[in-house]
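Residue numbers begin at 1 in each chain, while the letters A, B, ... track the order of the sequences. Worth knowing before you read on, the calculation uses all heavy atoms, side chains too, and leaves out hydrogens, waters and symmetry mates.
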Amino acid sequence: MRLRPNLLIGGTLLGFVFVVAATALVWTPYDPVRTNLRRRLVPPSQDYWLGTDEFGRDVASRLMEGAVTSLTVAASTVCVALVLGMAIGLAGGFLRGWTDRILGAVNDTLLAFPGILLALGLLAVLGPSRWGIVLALGLAYAPSVARVVRGTVLSIREREFVEASRALGNSELYTLLRHVLPHTAAPVTVLATSLFGWVILSESALSFLGLGVPPPAATWGNMLASARPFMQDAPILSIAPGVMIATCLLGVNLLGDALRDLLDPRDGA
Amino acid sequence: MTPVLEVDRLSIAAGGRRVVDGLSFRIAPGEALALVGESGSGKSATARAVIGLLPPGLAPDGGTIRFGGAPLEAGSATLRKLRGPGIGMVFQEPMTSLNPAHRIGAQMEEGLALHTRLNRAERREACIAMLERVGITDASRRLEAYPHEFSGGMRQRIMLASVMLLKPRLLIADEPTTALDSLTQAEVMDLMSGLAREQGTALLLITHDLGLVARYADRALVMQHGRAVEEGPAAPLLDNPREAYTRALVDALPRRGPAREVPPAPPLIEARNLSVTYPKRGALFRRAEMFQAVDGVSLSIHPGEVVALVGGSGSGKTTLGRAMLRLVPVSGGQLLFQGADVTARTGPALLDFRLACQIVFQDPYSSLDPRMRVRDIVAEPLRLPGGMALDERHRRAEALLEEVGLGGLGARFPHALSGGQRQRVAIARALVRDPALVVADEAVSALDATVRKQVLGLLREQQRRRGFACLFVTHDLGVVEEIADRIVVMQHGRIVEEGPRDVVLDAPRHDYTRALLAAALRRPGAAA
């Protein structure tokens, strides 16, 4: 198998983000939440690699801490969306009939809301907390997963190898899991990687509205949000989390592309 | 007389490889030349090079093409003007070669509007006349219809009509009837050669089917690996092939084997007044209309017997084949397996029945899960009887793969196999559990002639060795000759004729059987 550049670059970028997050678990240069009002908005220096923010907290430490939060929130949210969406999509697409009509109607209704609006509504009920965000964004993005999965299942279930599986005497559930489910892997992988990006952005949008992961915990999103008033005086406050978000998204997307190619036996042979 | 088309040492390259290599031929005005060859012989690439529509990846690599004495250059403005009034083309797939978003009238008129000075009313009149000529009734109303309202055969006629409207001097037909059943095929081919003769159009027929050549071409050019193998007047060439490859192609035409006695035994499977109805497309809350696909059919198959179920598209033969395996819901009648009623079985009892029966589908490209390795596909049926360890299953699968001529290919994925090899995998999957009954649903219809012969031979050999009963569903009476003990003919969901093979083939009683026989492309000159 030849080495794919998107696998290499994507892996490197994402690997970097993970190393940063893993380091943050054991060590950060300073306590990411300790304020020091005498050292507000210090420019990058030997003591403070990326300077300090408006409360005198070390930006580099917060960025590392934020990597942990953002990655866990994004990964858990994508998992919630995938599990829910795949269950709905598989059931609707494979069973057809009334199951499909009802699930489809609910799904389309949810799709009609902008995801962020749906998450806002849910968060208003759940109250802002880390797991509230995971649940709210997971629910908001599940319908698009369901859509993609249902479409794939609809086309796969008409193929003759599915009928061949029935003719062998295999149960419907076995047929669904063995012969239909694997075919959703490629589109779902691609969707999951782009969802990962959407979730990180949505989390920052929610933080901006004060509904994100509650302060003083650091996420790239709320760092970006609180850096807005200081864009002129301390641009590093916006640039640093922005670069991290971009690095992470680019890495995830390239890796997703490479994964999709690897998962397809037609290219692997 | 100047030939209409003169191809001189044409070569076409794909990457570094030549798919057509120094091919020369000419077609006189009004003549029908058949380019014969199997998949990958370069015949379609040649046809597309003539009209300047080579698919991406293929490029001309030397040689000249002259049309009416003047050289053709790919991409030139002259060539574009010639497409239509000079050279017309009919494609293989009638389901996709008409644009589903436009009414057929609009599609037919397109060429006239581009290449003639007729006004709207005249164009419409020409379209109606041509549609009537190709046998579409009520033509003025049908101009307003969309392609999906027509069957495959009718679409191919409409395609033909819109091409012939421009009275081209050369008609290129690329496997024009491969996607059609044999009755429709004969109708469309008769129409095509009739129209070509009326208009003095020369015909370049691309086909893998020697039966078509014998009936519709004046001359034939046999191709293999991009080179001409043999060329000459069609009939002598087929009767007395000089080259080994041509000989092999001719030999691949179906030939009747000796009749067999099937020892008398109680029927293995028996359908009594079996009916299958499908709902036609209905609205959300309205009761859908029902369509009777199989209408009270009684059919029994004895152990070790090969029964051919023959009929055109829409005759209900495929549905009956699937209903006998309980793959589609049965709406009336009874299905007995080894004397026991299995019509309403569910759960474990149905599984017992399923374990004893297998099916081989028509299209080996869609009947194998592309994400599974060949070995796993063949081993999968062994999972269900239970009690067999995974490596034992794999060992058996490998042994059977060896037996069907695919030894050592177990680790491959289906996409890495040819169509014939895939169908062997499908057969191996059907046989690995030693079933009592195998339904072969058009199992060889999608294959090239020589491959079809091999796969058919494999199926027959395995049948003789293992002694399973076989319901062989097909539209092609030619194939039936090779393998069947008994023939059952279906039309409109009912059985119209049934009997021992030789009786049905030599003395058909029903008109429909006679029509099927007349349309069947059998060995030229070898009547029985």
J.: Of all the heavy-atom pairs spanning B/E380 and A/S165, show the shortest one and how long it is.
T.: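 That would be OE2-OG, 4.5 Å.
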J.: Which residues, numbered in order, of residues 340-364 of chain B come under 4.5 angstrom of chain A by heavy-atom distance?
T.: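 Listed by number: B/L351, B/R354, B/L355, B/C357, B/Q358, B/I359, B/F361, B/Q362, B/D363.
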J.: So, A/R159 side chain and B/D369 main chain: donor-acceptor pair closer than 3.5 Å or not?
T.: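 No, because the side chain of A/R159 does not come within donor-acceptor range (under 3.5 Å) of the backbone of B/D369.
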J.: So which atom in B/P381 and which in A/L168 form the shortest heavy-atom distance, rounded to 0.1 Å?
T.: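 Smallest heavy-atom distance, with atoms named: CG-CD2, 3.5 Å.
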J.: Which atoms form the tightest heavy-atom contact between A/A186 and B/R371, and what is the distance?
T.: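 Shortest heavy-atom separation between A/A186 and B/R371 comes out as CB-NH2, 4.2 Å.
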J.: Are B/M372 and A/R178 side-chain neighbours, meaning at least one heavy-atom pair lies under 4.5 Å?
T.: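 They are in side-chain contact.
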J.: Measure the shortest side-chain to side-chain distance between A/E158 and B/S366 over non-hydrogen atoms and say whether it is less than 4.5 angstrom.
T.: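 No, their side chains stay 4.5 Å or more apart.
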J.: Do you know which of B/L325, B/I377, B/L327 has the most heavy-atom pairs under 4.5 Å to chain A?
T.: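 Top option by heavy-atom pairs under 4.5 Å: B/L327.
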J.: Just wondering, are more than 12 heavy atoms of other shown residues or ligands nearer than 6.0 Å to CZ in A/F16?
T.: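 For A/F16, atom CZ is not crowded (no more than 12 foreign heavy atoms under 6.0 Å).
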J.: Between A/E163 and B/R322, is the closest basic N to carboxylate O distance under 4.0 Å?
T.: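 Counted as a salt bridge, because a side-chain N and a carboxylate O are separated by less than 4.0 Å.
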J.: Given that the side chain runs from C-beta out, which part of B/R326 has a heavy atom under 4.5 Å from chain A: side chain, backbone, both or neither?
T.: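 For B/R326, neither part sits under 4.5 Å from chain A.
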J.: Where is the tightest heavy-atom contact between A/A164 and B/S367, given as atom of each residue plus distance?
T.: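 Looks like CB-O, 4.2 Å.
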J.: Could you check if a side-chain atom of A/Y174 sits within less than 4.5 angstrom of a side-chain atom of B/R383, using non-hydrogen atoms only?
T.: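 They are in side-chain contact.
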